[in-house]
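Written below as C-alpha coordinates is the structure these notes are about.
The first residue in the sequence is number 1, and the count goes up from there.
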Amino acid sequence: MDSSGLYREITGSARSAPGWVRSVFEVWTEYGLLLFGLLFIAVWWRARARTGPRPVALALAAPLATALAYAASELLKSAVDEERPCRAVAGAAAPLIACPAPGDWSFPSNHSAIAGAAAVALALAVPRLALAAVPLAALMAFSRVFVGVHYPHDVLAGLLLGGALAVPALTGPISTITAAMRASGGRAAVWFTGPGPARRP
(Lines give C-alpha, C1' and ligand atoms only; values in the text may rest on other atoms or scores of the structure.)
Protein backbone atom coordinates (compact mmCIF):
# COMPACT_ATOMS: atom_id res chain seq x y z
CA MET A 1 0.00 0.00 0.00
CA ASP A 2 1.37 3.41 -0.98
CA SER A 3 0.09 6.23 1.22
CA SER A 4 3.02 8.54 0.59
CA GLY A 5 0.79 11.13 -1.12
CA LEU A 6 -1.44 11.41 1.93
CA TYR A 7 1.67 11.49 4.11
CA ARG A 8 2.94 14.52 2.15
CA GLU A 9 -0.39 16.31 2.56
CA ILE A 10 -0.58 15.71 6.31
CA THR A 11 3.03 16.62 7.04
CA GLY A 12 2.71 19.69 4.83
CA SER A 13 -0.34 20.76 6.84
CA ALA A 14 1.59 20.11 10.05
CA ARG A 15 4.39 22.42 9.00
CA SER A 16 1.93 25.22 8.17
CA ALA A 17 -0.10 24.76 11.38
CA PRO A 18 0.15 27.30 14.22
CA GLY A 19 3.03 26.73 16.62
CA TRP A 20 0.79 25.79 19.53
CA VAL A 21 -0.91 23.09 17.43
CA ARG A 22 2.46 21.59 16.52
CA SER A 23 3.50 21.70 20.19
CA VAL A 24 0.32 19.92 21.32
CA PHE A 25 0.84 17.13 18.80
CA GLU A 26 4.53 16.80 19.68
CA VAL A 27 3.71 16.41 23.39
CA TRP A 28 0.78 14.08 22.75
CA THR A 29 2.70 11.76 20.42
CA GLU A 30 5.54 11.45 22.95
CA TYR A 31 3.60 11.18 26.22
CA GLY A 32 -0.03 10.43 25.36
CA LEU A 33 0.32 6.71 26.00
CA LEU A 34 0.90 7.51 29.68
CA LEU A 35 -2.75 8.56 29.88
CA PHE A 36 -3.81 5.03 28.94
CA GLY A 37 -1.62 3.74 31.75
CA LEU A 38 -3.39 6.02 34.22
CA LEU A 39 -6.74 4.81 32.92
CA PHE A 40 -5.64 1.19 33.46
CA ILE A 41 -4.88 1.99 37.09
CA ALA A 42 -8.18 3.82 37.59
CA VAL A 43 -10.18 0.96 36.03
CA TRP A 44 -8.38 -1.62 38.18
CA TRP A 45 -8.95 0.39 41.36
CA ARG A 46 -12.64 0.76 40.56
CA ALA A 47 -12.97 -2.95 39.69
CA ARG A 48 -11.64 -4.05 43.10
CA ALA A 49 -14.89 -2.92 44.70
CA ARG A 50 -17.16 -4.64 42.19
CA THR A 51 -19.07 -7.85 42.79
CA GLY A 52 -17.55 -10.98 41.25
CA PRO A 53 -14.07 -11.54 39.80
CA ARG A 54 -14.84 -10.63 36.17
CA PRO A 55 -14.47 -6.81 36.50
CA VAL A 56 -11.03 -7.23 38.07
CA ALA A 57 -10.11 -9.83 35.44
CA LEU A 58 -11.03 -7.43 32.63
CA ALA A 59 -9.06 -4.64 34.32
CA LEU A 60 -5.99 -6.86 34.62
CA ALA A 61 -6.36 -8.28 31.11
CA ALA A 62 -6.29 -4.76 29.61
CA PRO A 63 -2.58 -4.02 30.15
CA LEU A 64 -1.68 -7.63 29.33
CA ALA A 65 -3.50 -7.42 26.00
CA THR A 66 -1.78 -4.10 25.31
CA ALA A 67 1.64 -5.65 25.99
CA LEU A 68 0.71 -8.50 23.63
CA ALA A 69 -0.23 -5.98 20.92
CA TYR A 70 3.13 -4.24 21.33
CA ALA A 71 5.02 -7.54 21.04
CA ALA A 72 3.04 -8.51 17.94
CA SER A 73 3.69 -5.14 16.30
CA GLU A 74 7.41 -5.48 16.99
CA LEU A 75 7.50 -8.93 15.39
CA LEU A 76 5.61 -7.69 12.33
CA LYS A 77 7.83 -4.62 12.11
CA SER A 78 10.94 -6.81 12.03
CA ALA A 79 9.43 -9.01 9.31
CA VAL A 80 8.33 -6.16 6.99
CA ASP A 81 11.36 -3.84 7.28
CA GLU A 82 9.60 -0.76 5.88
CA GLU A 83 11.74 2.38 5.90
CA ARG A 84 10.43 5.40 7.76
CA PRO A 85 8.68 7.96 5.52
CA CYS A 86 10.77 10.76 7.01
CA ARG A 87 13.70 9.23 5.11
CA ALA A 88 11.95 7.56 2.19
CA VAL A 89 9.38 10.06 0.86
CA ALA A 90 10.89 12.59 -1.51
CA GLY A 91 9.49 16.11 -1.38
CA ALA A 92 7.78 15.69 2.02
CA ALA A 93 7.98 18.34 4.70
CA ALA A 94 10.57 17.79 7.42
CA PRO A 95 9.19 15.87 10.42
CA LEU A 96 8.32 17.81 13.57
CA ILE A 97 10.33 15.40 15.72
CA ALA A 98 13.55 13.53 15.08
CA CYS A 99 13.26 10.76 12.52
CA PRO A 100 13.87 7.39 14.24
CA ALA A 101 17.26 5.81 13.59
CA PRO A 102 17.78 3.51 10.61
CA GLY A 103 16.65 0.00 11.47
CA ASP A 104 13.73 1.28 13.56
CA TRP A 105 11.18 0.21 10.96
CA SER A 106 7.89 1.89 10.19
CA PHE A 107 5.20 -0.77 9.63
CA PRO A 108 3.13 -1.08 11.73
CA SER A 109 3.09 1.79 14.22
CA ASN A 110 3.82 0.54 17.75
CA HIS A 111 2.17 3.61 19.28
CA SER A 112 -0.99 2.95 17.28
CA ALA A 113 -1.04 -0.75 18.18
CA ILE A 114 -0.68 0.07 21.88
CA ALA A 115 -3.33 2.79 21.70
CA GLY A 116 -5.75 0.58 19.74
CA ALA A 117 -5.37 -2.32 22.16
CA ALA A 118 -5.68 -0.04 25.18
CA ALA A 119 -8.80 1.66 23.85
CA VAL A 120 -10.63 -1.59 23.06
CA ALA A 121 -9.54 -3.26 26.31
CA LEU A 122 -10.66 -0.26 28.37
CA ALA A 123 -13.97 -0.15 26.53
CA LEU A 124 -14.53 -3.84 27.28
CA ALA A 125 -13.73 -3.29 30.96
CA VAL A 126 -15.82 -0.10 31.29
CA PRO A 127 -18.03 0.38 28.19
CA ARG A 128 -18.65 4.08 28.72
CA LEU A 129 -14.89 4.69 28.53
CA ALA A 130 -15.13 3.97 24.80
CA LEU A 131 -16.37 7.55 24.32
CA ALA A 132 -12.98 8.83 25.46
CA ALA A 133 -10.58 5.95 24.79
CA VAL A 134 -11.41 5.37 21.12
CA PRO A 135 -10.99 9.04 20.06
CA LEU A 136 -7.76 9.24 22.08
CA ALA A 137 -6.42 6.17 20.28
CA ALA A 138 -7.35 7.66 16.91
CA LEU A 139 -5.65 10.92 17.91
CA MET A 140 -2.50 9.03 18.90
CA ALA A 141 -2.46 7.26 15.54
CA PHE A 142 -2.99 10.50 13.61
CA SER A 143 -0.28 12.25 15.62
CA ARG A 144 2.32 9.75 14.41
CA VAL A 145 1.65 10.83 10.83
CA PHE A 146 1.27 14.50 11.75
CA VAL A 147 4.75 14.64 13.32
CA GLY A 148 6.15 12.84 10.30
CA VAL A 149 7.39 9.47 11.57
CA HIS A 150 4.78 7.10 10.07
CA TYR A 151 2.77 6.56 6.91
CA PRO A 152 -1.04 6.61 7.23
CA HIS A 153 -1.16 2.87 6.44
CA ASP A 154 1.27 2.21 9.32
CA VAL A 155 -1.03 3.73 11.90
CA LEU A 156 -4.19 2.17 10.44
CA ALA A 157 -2.58 -1.27 10.58
CA GLY A 158 -1.40 -0.59 14.12
CA LEU A 159 -4.88 0.35 15.30
CA LEU A 160 -6.44 -2.73 13.69
CA LEU A 161 -3.77 -5.05 15.05
CA GLY A 162 -4.04 -3.66 18.57
CA GLY A 163 -7.82 -3.68 18.55
CA ALA A 164 -7.95 -7.28 17.34
CA LEU A 165 -5.55 -8.47 20.04
CA ALA A 166 -7.40 -6.67 22.82
CA VAL A 167 -10.14 -9.31 22.99
CA PRO A 168 -9.69 -10.51 26.58
CA ALA A 169 -8.85 -14.16 25.93
CA LEU A 170 -7.15 -14.23 29.33
CA THR A 171 -10.26 -13.07 31.18
CA GLY A 172 -11.39 -16.62 32.06
CA PRO A 173 -8.10 -17.75 33.63
CA ILE A 174 -7.62 -14.38 35.33
CA SER A 175 -11.15 -14.57 36.74
CA THR A 176 -10.32 -17.94 38.28
CA ILE A 177 -7.09 -16.60 39.77
CA THR A 178 -8.87 -13.48 41.06
CA ALA A 179 -11.57 -15.54 42.77
CA ALA A 180 -8.93 -17.74 44.39
CA MET A 181 -6.99 -14.72 45.62
CA ARG A 182 -10.13 -13.18 47.09
CA ALA A 183 -10.98 -16.45 48.84
CA SER A 184 -7.47 -16.88 50.23
CA GLY A 185 -7.94 -14.18 52.84
CA GLY A 186 -4.35 -13.00 52.38
CA ARG A 187 -4.08 -9.29 53.07
CA ALA A 188 -1.98 -8.48 50.00
CA ALA A 189 -4.08 -10.68 47.71
CA VAL A 190 -7.36 -9.18 48.91
CA TRP A 191 -5.95 -5.64 48.60
CA PHE A 192 -4.89 -6.34 45.01
CA THR A 193 -8.08 -8.03 43.80
CA GLY A 194 -10.64 -6.42 46.12
CA PRO A 195 -12.46 -8.12 48.99
CA GLY A 196 -15.41 -9.35 46.98
CA PRO A 197 -18.94 -9.65 48.33
CA ALA A 198 -18.12 -12.45 50.77
CA ARG A 199 -15.78 -10.27 52.78
CA ARG A 200 -17.82 -7.12 53.03
CA PRO A 201 -19.01 -6.14 56.54
Legend entry - hydrophobic_cluster_shared for Leu33 and Ile97, side chain cutoff 4.5 Å: yes

Inset, instruction - For residues Ala90 and Arg8, report the shortest heavy-atom separation together with the two atoms involved. - result: O-NE, 2.9 Å

Legend entry - Backbone N/O of Ala94 and side chain of Arg15: donor-acceptor pair under 3.5 Å: yes

Legend entry - Residue pair Val145 / Tyr7, side-chain heavy-atom distance below 4.5 Å: yes

Inset, instruction - Answer with yes or no whether the side chains of His153 and Glu82 bring together a donor and an acceptor at under 3.5 Å. - result: yes

Inset, instruction - Decide whether Ile114 and Val155 are clustered together by the hydrophobic rule: side chain heavy atoms of Ile, Leu, Val, Met, Phe, Trp, Tyr closer than 4.5 Å, transitively. - result: yes

Inset, instruction - Give the other cluster members for Val134, using side-chain heavy-atom distances under 4.5 Å between Ile, Leu, Val, Met, Phe, Trp and Tyr residues; answer none if it is isolated. - result: none

Distance-only donor-acceptor hits, side chain of residues 137-144, under 3.5 Å, sequence neighbours excluded:
residue	atom	partner	partner atom	Å
Ser143	OG	Thr29	OG1	3.0
Ser143	OG	Met140	O	2.6
Arg144	NH1	Thr29	OG1	2.9

Inset, instruction - Could you tell me which non-hydrogen atom of Leu96 sits nearest to which non-hydrogen atom of Ala14, and how far apart they are? - result: CD1-CB, 4.1 Å

Legend entry - pair Pro85-Ser3: side-chain heavy atoms closer than 4.5 Å: no

Inset, instruction - Supply the atom-to-atom distance Leu129 CG to Leu136 CG, rounded to the nearest 0.5 angstrom. - result: 10.0 Å

Inset, instruction - Supply the atom-to-atom distance Ser112 OG to Leu159 CG, rounded to the nearest 0.5 angstrom. - result: 5.0 Å

Inset, instruction - Answer with yes or no whether the hydrophobic clustering places Phe146 together with Val149; edges join I, L, V, M, F, W, Y residues whose side-chain heavy atoms lie under 4.5 Å apart. - result: yes

Inset, instruction - Would you indicate whether the side-chain heavy atoms of Asp81 and Phe107 approach each other to under 4.5 Å? - result: no

Inset, instruction - Indicate whether the side chain of Ser106 and that of Asp154 have a donor and an acceptor atom separated by less than 3.5 Å. - result: yes

Inset, instruction - Report the residue from Ser4, Pro108, Ser109 that forms a side-chain contact (heavy atoms from CB on, under 4.5 Å) with Tyr151. - result: Ser4

Legend entry - hydrophobic_cluster_shared for Ile10 and Val89, side chain cutoff 4.5 Å: yes

Legend entry - Under 3.5 Å: donor-acceptor pair, side chain of Arg84, backbone of Gly148: no

Inset, instruction - Using a 4.5 Å cut-off on heavy atoms from C-beta on, say whether the side chain of His111 contacts that of His150. - result: no

Legend entry - Nearest heavy-atom neighbours spanning Ala118 and Phe36: CB-CD2, 3.6 Å

Inset, instruction - Report whether Trp44 and Val126 are members of the same hydrophobic cluster (ILVMFWY, side-chain heavy atoms less than 4.5 Å apart, transitive linking). - result: no

Legend entry - Heavy-atom check, side chain of Asn110 versus side chain of Tyr70, under 4.5 Å: yes

Inset, instruction - Kindly indicate whether the side chain of Arg22, heavy atoms from C-beta on, has any atom under 4.5 Å from the side chain of Val24. - result: no

Legend entry - Chi angles and distances behind the side chain to side chain contact (heavy atoms under 4.5 Å, CB included) call for Trp105, Val80: CA-CA 8 Å; Trp105 306 113; Val80 175; over 6 Å; no

